[in-house]
Each structure stands twice: as C-alpha cells, then as structure tokens.
There are 2 protein chains.
Amino acid sequence: MLGKSGGGRGDGTKVEMDAFAARCRAAGLKVTPQRTAVYKVLLEMEEHPSAEVVYQRVREVFPNISLDTVNRTLLSLSEIGTASVVEGSGDAKRFDGNLANHQHFKCLKCKRIIDFHHKAFDNVKIPGSIKDRFVVLKKAVYFEGICDLCREGR
Amino acid sequence: MLGKSGGGRGDGTKVEMDAFAARCRAAGLKVTPQRTAVYKVLLEMEEHPSAEVVYQRVREVFPNISLDTVNRTLLSLSEIGTASVVEGSGDAKRFDGNLANHQHFKCLKCKRIIDFHHKAFDNVKIPGSIKDRFVVLKKAVYFEGICDLCREGR
DNA sequence: CTCTGTGCAAACACTTTGCAGCTAA
DNA sequence: TTAGCTGCAAAGTGTTTGCACAGAG
C-alpha cells in the first residue's frame, strides 16, 4: 500500500469524489460541501471513527459544521451504501449467559440477538498478521439481517 | 431441546445456581439475592437481553431492585467470566468508508477498530439452518482483544 | 462486626427530533 | 423556485458515579 495517492484506501482522489457525487445524485441526495467533507474524512481515516471523531476532524476544514450534520450524513451514507456501520456497534450492551461456543445472528429490525451453533465456526484460525500484533481475547462469527418474525408479520 | 427442565440451556437448575454461588465466592463477590436473581434471569432468556430487559424481568420476582444494580451485576458477572458481553455491543456507532471485503479487530482498551483482510474469511458459508430462517445481509468475522499500542505503551 | 452491595439521584455520553433559514439543482 | 439540507436547541435513551444505609460473610 503506497502513500497518499496510491489509490488503495485512505485518500479522497478526484475519481473517488466524483463517484461519490454521482452516487448521491443517483440516490436523490444533494451534493453539499458538508457531505463531501464528511465523506472525505471518512475515507482518510483508517480506524473506523465514531461520529464524534469525524466531527472533530471535519471541523478542521469546516469550523461551522455541527455534530448533527455529521451524524445525519454518516447515516445517509450508510443508507445509500456509500459507507457502512461497523457490525454490532451502536446499540446498548447485550449480555450473554451462555458460555458454550456459539455464534450470533442479530436482527437489524427488532434487535433480537439469536444464538446458533455451527461447528465449523468454532475454530476460526487467527491470521498470523493479527496474532503477531494483537492479543486476541475473543473471536466471533457474526451475521446481521432480518429475522423470521420481522420478515413475515410486521 | 426439551422443555423447562431439559438441562440444555435456559433454566436455573440447582446445580447451576450452586456453581454460580461458588464462582462468586471464589472471586470475592458476595452472593446476594439480587445477584442470584439477575443471573437466573440471564440464564432463562434465550435472546441476549439488554440491562433494561433483564431489569424488567427481574422486577417480576424482585420488585424493589434498581436498574443500577442490574447493570452493575451484569458487568460484574462479565468480569468474573460467568457471563459475557455480546461482541461489539455497547459503544457508539462506528462508521466505515471501506466497502471492500475486510474484517475488524477491536481493541477493548482504546476502542480502536482496525481493519485486516484475510481471504479465507471472505467467503464464510452461511449454515443452512440460518439461511432458511433469516435474511442475512451482512456476515462478519470479528476479533476483540488488546492492540499493539495498548499492550506496550500505556 | 466489617466491608461489600444496594437503591436513589444526579451527571454524562450519544443519538434523535423539530424547526427556521439556507442552498444545490 | 423549491425540495432537501444545515445548524441550533431540546428531549430521549443508556451508562456511570457518589453516597448513606442494609445485609452477607
């Protein structure tokens, strides 16, 4: 991965920004300077920022922007598929009394978290590149989607 | 999985409750009726509840308990390893501008979320039992632990 | 008897909502 | 011009903290 203009990730090249503008227009969203700035910051940041962090960063070039706008923009971008929310984040803590090996499926609509157990997932191998840098305390396979109840009924 | 006393999961059998008491004592936690009630409810609930939901349920048998106690108890139980917090849950939303296939490692100390990419994880197979019941919109392999910076420095 | 745990209340952090004026198209 | 966006302010939800009393060990 090269530097600033390597084209990999982490820079807001003209091509990327044009694609962004096109995508907004296609979705019926206006291309405002605030939106553009938020998106650019999001691309530049390697570690998935919270709205607050994006806000701090965007303010460096756009001192008048409000946290709400950043929040709303990030949500909009997630909706049109230009960004995404990191799996699982954003809701209240959920507790689990089941200590056996298992995996979770979370319904994005009703927020239920449902256990399942698929043996093949019990022994996910931690890649060497991770094991070398970090202490891994928990490994998980995790699915999100719409559950049976939400799909039918309401 | 059988009914209430099948012994699988979801019931607070005497054996389980005794083991719980032992574990508390071993960790230096007192075995109070509130703690016991919270733990029992957690075992009985199939879908990982938030503190609020546990609270509502515990109140049915313990009308005077406070939400704080439930919260603190759930946290304590997680600390001594008798329960756990569902991966990822509990913090602010995190956003991701990287749409390419990748996985996340989250540092439990500094809350950084770090991308990595391990090809073998890109095509995790969704078990049939899940595919039949749910619409899966996102699949993820996710690790939690302590990152390089937190491990050394502070 | 002692020290931890509980309940209450206030403080905090994050998100959501309503609204008036602004602006991209 | 006009529908959608922004900024501000207030309210909502979930979590944390401090303290006095009560109860487990």
Side-chain angles (χ1 to χ4, degrees), chain A residues 17-18 20-39 41 48-56 58-59 61-80 82-83 85-86 88-95 108 110-111 113, chain B residues 17-18 20-39 41 48-56 58-59 61-80 82-83 85-86 88-95 108 110-111 113:
Chain A
M17 297 317 289
D18 282 354
F20 168 71
R23 186 123 195 192
C24 282
R25 273 189 269 267
L29 297 183
K30 293 184 178 171
V31 183
T32 64
Q34 288 94 330
R35 258 183 203 149
T36 308
V38 167
Y39 180 64
V41 164
H48 311 297
S50 61
E52 179 68 31
V53 172
V54 174
Y55 173 57
Q56 298 302 341
V58 175
R59 282 223 293 188
V61 296
F62 221 116
N64 274 346
I65 198 169
S66 73
L67 174 56
D68 319 67
T69 297
V70 173
N71 246 311
R72 283 183 284 213
T73 301
L74 290 169
L75 259 342
S76 306
L77 297 188
S78 307
E79 271 161 25
I80 67 171
T82 296
V85 177
V86 172
S89 68
D91 291 304
K93 279 195 190 63
R94 296 302 202 81
F95 297 91
L108 294 173
C110 68
K111 312 289 189 197
I113 294 177
Chain B
M17 296 317 290
D18 282 353
F20 168 70
R23 187 123 195 193
C24 282
R25 273 188 270 269
L29 297 183
K30 293 184 177 171
V31 183
T32 65
Q34 288 93 331
R35 259 182 203 153
T36 309
V38 167
Y39 180 62
V41 165
H48 311 298
S50 60
E52 179 68 31
V53 171
V54 174
Y55 173 56
Q56 298 301 342
V58 175
R59 283 222 292 188
V61 294
F62 220 115
N64 275 345
I65 200 170
S66 73
L67 174 56
D68 319 68
T69 298
V70 173
N71 245 312
R72 282 183 285 212
T73 300
L74 290 169
L75 261 340
S76 305
L77 297 188
S78 308
E79 270 161 24
I80 67 172
T82 297
V85 177
V86 173
S89 68
D91 290 305
K93 280 195 189 63
R94 296 302 203 79
F95 297 90
L108 294 173
C110 67
K111 313 287 189 200
I113 295 178

Which part of the nucleic acid does B/L75 contact within heavy-atom distance under 4.0 Å: base, sugar-phosphate only, or nothing? sugar-phosphate
Passing candidate, side-chain contact (heavy atoms from CB on, under 4.5 Å) with B/V41, options B/V54, B/V53, B/T36: B/V54
Distance in Å, A/T73 OG1 paired with A/Y55 OH, rounded so as to fall on 0.5 Å steps: 12.5 Å
Calculate the interatomic distance between A/Y55 atom OH and D/dT6 atom C1'; express it in whole Å. 13 Å
Heavy atoms only, 4.0 Å cut-off, all strands: where does B/R35 land among base, sugar-phosphate and nothing? sugar-phosphate
Distance col, row B/T69:OG1 vs B/Q34:CD, nearest 0.5 angstrom, shows 6.5 Å
Separation of C/dA13 C1' from B/N71 CG (nearest whole Å): 14 Å
Most 5' of B/L67 and B/K30 on DNA chain D, judged by nearest nucleotide: B/L67
Can you tell which of C/dT6, C/dT15, D/dT15 lies closest to the side chain of B/A92? C/dT15
How long is the span from the OG1 atom in B/T32 to the CD1 atom in B/I65, to the nearest 0.5 Å? 8.0 Å
Of the nucleotides C/dA9, C/dC14, D/dG25, which has the atom closest to the B/V31 side chain? D/dG25
Winner on side-chain proximity to A/N64, out of D/dT15, C/dT16, D/dG7, is D/dG7
Between A/E52 and A/R25, name the one whose nearest nucleotide on DNA chain C is closer to the 5' end. A/E52
Whole-Å distance between D/dG4 P and A/E79 CD? 14 Å
Give the rounded distance in Å between these two atoms: CG of B/L74 and P of D/dG14. 14 Å
Rounded to the nearest 0.5 Å, what separates atom CZ in A/F20 from atom CG in A/L29? 8.0 Å
In Å and rounded to the nearest 0.5 Å, what is the CZ to OG distance from B/R35 to B/S76? 5.0 Å
Rounded distance in Å - CD1 (B/I65) to P (D/dG23): 14 Å
Interatomic distance, B/I80 CD1 vs C/dT4 P [rounded to whole Å]: 16 Å
When you measure from the side-chain N and O atoms of A/T69 to the phosphate of D/dG7, is any distance below 4.0 Å, counting only OP1 and OP2? yes
Looking at D/dT6, D/dG25, C/dT6, which one has an atom nearest to any side-chain atom of B/T32? C/dT6
Ignoring the backbone of B/A51, work out which of D/dC19, D/dT15, C/dT16 is nearest its side chain. D/dT15
Given that B/R72 and A/Q34 both sit by DNA chain D, which one's nearest nucleotide is further toward the 5' end? A/Q34
D/dT6, C/dA24, D/dT15: which one has an atom nearest the side-chain heavy atoms of A/T73? D/dT6
Return the value, rounded to whole Å, for the distance between atom CG of A/D68 and atom C1' of C/dT15. 9 Å
When B/F62 and B/K93 are each assigned the nearest nucleotide of DNA chain C, the 5'-most assignment goes to B/F62
In whole angstrom, give the distance that lies between atom CZ of B/F20 and atom P of D/dA24. 14 Å
